[in-house]
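Proteins get letters first, then strands, A, B, ... in listed order; numbering begins at 1 in each.
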Amino acid sequence: MLIPPPPNHPRPLPAGEPRLQLLNISKRYPGVLANDQVSLNVMPGEIHAVLGENGAGKSTLMKIIYGAVQADSGQIQWNGREVSIANPAVARELGIGMVFQHFQLFETLNVTENIALALPPDTDLKTLAVRVREVSEKYGLPLDPERLVHALSVGERQRVEIVRCLLQNPQLLILDEPTSVLTPQAVRKLFETLRKLASEGVSILYISHKLHEIQALCDRATVMRGGCVTGGANPRQESTASLARMMIGRDLPVCHAPVYAGEVKAALEIDSISRPKDDPFGVTLEDISLTVNSGEVVGIAGISGNGQAELLAALSGESTGRSDSVRIAGLPVGHLHAGQRRDRGLSFVPEERLGRGAVPSMSLTQNAMLTAHRQPGLSRFGLLDFKAARDFALRCIERFDVRCNGPQAAARSLSGGNLQKFIVGREIMQAPKVMIVAQPTWGVDVGAAATLRQTLLDLSREGVGVLVVSEELEELFEICDRIAVLAGGRLSAAMPRNETNAEQIGLLMAGQAAAASV
Amino acid sequence: MIEHLIPVLIGTLAAATPLIFAGLGELVTEKSGVINLGVEGMMLIGAVAGFGAALHWGLFAGFVAGALAGALAALPFALLTLSLGANQAASGLALTIFGSGLSAFVGQYLVSESLPGLQPWPIPGLSAIPVLGPIFFNQTVVVYLSYAAAIFVTWVLAKTRWGLVLRAVGESPEAAHTIGYPVTSIRYAAVCFGGAMAGIAGAYLSTVYTPLWVQNMTAGRGWIAVALVVFATWKPLRLLLGAYLFGGMTILQLHAQGLGVDLPSQLLSAIPYVATIVVLVLISRDRALLQLNLPASLGKPFIPGG
Ligand SMILES: Nc1ncnc2c1ncn2[C@@H]1O[C@H](COP(=O)(O)OP(=O)(O)OP(=O)(O)O)[C@@H](O)[C@H]1O
Ligand SMILES: [Mg+2]
């Protein structure tokens, strides 16, 4: 049997009747009113954006619609009928599908199995695998159905989430930051798919911090701040700047990169790292060399899945090698593990914030201690000083404007962008010699992203070598002094920013990948 | 030589059977993310219930009663750990202590009784195969059922929807909950299955293996079953292998003691435990494999919130 026909084929509705109508939805978490009397409606075939800064309550509202979270009060009307959505199975039954901001995938299961879990129980795995391959290719989100999820990069995981949702043939598709780690090409393809679905009558709720996406895709936007709806707009008639102003309530700050006046030394030296892939689906690193000097920001552009994960593991110390393959401020550290490298002045922000960057169930203070315990003053005679630790977390929260319920809040209770700010902040505050950041502004709202980028720039101008691995070319061009491209496991030479442009980098991304796959 | 070994091997299979039932049950429980250290207690409860029921209504009733009693004994554990979020290790230990006490109390009325046991039932055709026939196919029906159970559990885990959902729940109850699976109910079912299987293992001990009731007659087999699951890296067929190894060593050391080998008997009795663990540790050295099979949420309470 193939995938069952759409269980809820978009039913013609009386003209003008919304597909989904939310009335006065409220939801309180300890210490914060995440949704405050939110009302919203979505028409059939409409692509509706929900905008708002980190912690505005967007994800909470979407989870309420999907039944993953229960509202304290308010009403949900679906196709004109009042419904109570007790759990996600009910939502799927109604025809609501959702792509989660924090992936809800099972690492030890393969792609097909992960997708099957969200489909009706009589789905046959073999035919599904074939379908996953077809559909994912058709939508420009290619997936290998046999691969285990733990071996996938975040970009690929995002594709799994999206394809899983598309295969459910929903009437309402909720996409919570679906493009945060997708490549530009994949985003373009996804938008084509979404427009096509919308023309067939599927309604789409779309959350993103990328304002140009919202302008390109969405018919209507609802803006939230502090749990309330603060306004609506037609994104096509607004400029990015005016949308940003509606979101964060002030003008968007602009990054400025002062000239570095200090002494230029090699902060991080990568000397011909070659590493055969250790898992059949990994990427082999071939002879990677790069030097990051103090006082500069170097960017590594490229689509994740081209050796990014492997290179980051080799740099952070998760995998070790020759002692002089990595040097920090001249000191060979290639053979040292992650903790020892940190002792020697390395700070590292991994791309997965929940699980790698932070332990979801631990408090912010404890999470700060996981890497900051080596800071002077935070431990005494080998014992942690919890008061100092709390102060450290508190300073990080204040300095980086992390919206949360204080340092004792569990990491998982933070909104995605706020957790990212906390993790980056925690690393910056450790006064590193070298700072390596993967996807620094993943899921961070425009205002906070500008602040974070500025912070990274300022950090480098204090004499730190900063290496940024990102898929977002715009971001790299905004903050980097030099940009290299990692494609197919090979790294290009790092080119000064003003001697290159997005075109050239894009060609390198494509050309090298092609050369490596021959 | 082989003629001398065959009786040892026949005994091996019989000795391994309770470990297989209890181990498979615990394996399913652990795959759902719950570790139940009460296997020993549930086996004892199953043993005493099975023995009592078999005395009155026959062997079949004995096994049914054993399974029911085991599942029933698992229920309070499930209630404490799954609904109330209690610590799984502590609750499991409590269940073992409770089980040994309760079975001793009920069993005091049964100590002087005995059952006829069960005759081997050679499978026509298969049992005539030289060497393997008498070892594998000249056994009691319960031993055959243990093969079937191992194949069944392997198949369910690897090939069926239930198995997929169970593995998903054991790996990430949060994600399973978010995409709409009733994590707690699924875990209840897995824990009760584990209890029923432990109960069957106990009933086998008291009605077939040594058809008597003796206080604490499981003699640590429940603990071995728990250890086997871990060292078998949650793979049913490896569990089978471990159980046979342990069964074989048990019988061998009995023979050795009988032959008057010049070693303290306590040392000999320890050999099966040590040998089984050493061998299983050696075969499960592959860390990647271990991480793939280990239910990531094992032992961690999950209370759906939101
Ligand atoms: N499980 C939870 N427990 C406690 N507080 C929570 C929980 N989930 C969310 N919150 C809080 O609710 C508020 C809204 O969070 P939400 O995730 O909806 O924000 P968001 O708009 O999606 O932000 P982002 O753009 O960063 O993803 C935040 O202040 C957050 O800290
Ligand atoms: Mg969110």
Side-chain angles (χ1 to χ4, degrees), chain A residues 27 29-30 60 63-64 66-72 85-93 96-110 112-126 148-151 161 164-165 168 278-280 354-355 360-361 410 412-413, chain B residues 27-28 30-33 85 87-88 155-187 189-190 233-236 284 286-306:
Chain A
K27 172 77 191 174
Y29 282 119
T60 305
K63 286 188 205 156
I64 289 172
Y66 192 60
V69 166
Q70 300 303 312
D72 299 336
I85 304 178
N87 66 56
V90 173
R92 275 206 300 275
E93 198 81 353
I96 302 175
M98 174 155 175
V99 169
F100 288 92
Q101 180 177 15
H102 291 131
F103 307 146
Q104 303 294 334
L105 298 173
F106 304 94
E107 304 216 340
T108 60
L109 305 183
N110 70 24
T112 314
E113 291 172 328
N114 266 284
I115 292 176
L117 281 167
L119 295 178
D122 53 357
T123 315
D124 174 57
L125 286 182
K126 284 211 186 67
L148 293 174
V149 166
H150 76 94
E161 279 269 353
R164 170 161 84 177
C165 195
Q168 294 164 18
D278 49 2
D279 121 45
L354 275 180
S361 57
R412 78 151 77 82
S413 74
Chain B
L27 189 145
V28 168
E30 291 192 12
K31 268 291 180 190
S32 81
N87 179 295
Q88 295 179 7
W155 174 76
V156 167
L157 281 178
K159 298 281 178 210
T160 67
R161 177 83 179 189
W162 289 358
L164 183 59
V165 172
L166 191 76
R167 285 184 287 150
V169 166
E171 187 196 308
S172 171
E174 291 82 14
H177 172 71
T178 313
I179 62 175
Y181 286 96
V183 173
T184 306
S185 317
I186 292 168
R187 287 184 162 182
T233 59
W234 296 271
K235 288 187 151 314
S284 59
D286 187 344
R287 270 194 53 218
L289 205 75
L290 194 70
Q291 284 189 339
L292 272 187
N293 290 313
L294 165 77
S297 71
L298 190 62
K300 299 184 193 124
F302 172 77
I303 301 285

Looking at chain B, which one of A:P121, A:A86, A:G67 has the largest number of heavy-atom pairs inside 4.5 Å, strictly under? A:P121
Restricting to non-hydrogen atoms, name the atom on B:E171 and the atom on A:T108 that form the minimum distance, rounded to 0.1 Å. OE1-OG1, 2.6 Å
Give me the atom names and distance for the closest heavy-atom approach of B:A168 to A:F106. O-CE2, 3.3 Å
Distance in Å, B:R161 CZ paired with A:L119 CG, rounded so as to fall on 0.5 Å steps: 7.5 Å
Can you say whether B:A296 sits under 4.5 Å from chain A via the side chain, the backbone, both, or neither, judging by heavy atoms? neither
Decide yes or no for B:R167 and A:L109: does some side-chain heavy atom of the first lie under 4.5 Å from some side-chain heavy atom of the second? yes
Spatial distance of atom CD1 (B:I179) from atom CE (A:M98) [nearest 0.5 Å]: 12.5 Å
Kindly give the heavy-atom pair with the smallest separation between A:A89 and B:G180, and that separation in Å. CB-O, 3.9 Å
Which heavy-atom pair separates B:T178 from A:P88 by the least distance, and what is that distance? O-CG, 2.9 Å
Okay, A:A116 and chain B: the region with an atom under 4.5 Å from a heavy atom over there is both
Relative to chain B, which segment of A:L105 carries a heavy atom at a distance below 4.5 Å: side chain, backbone, both, or neither? backbone
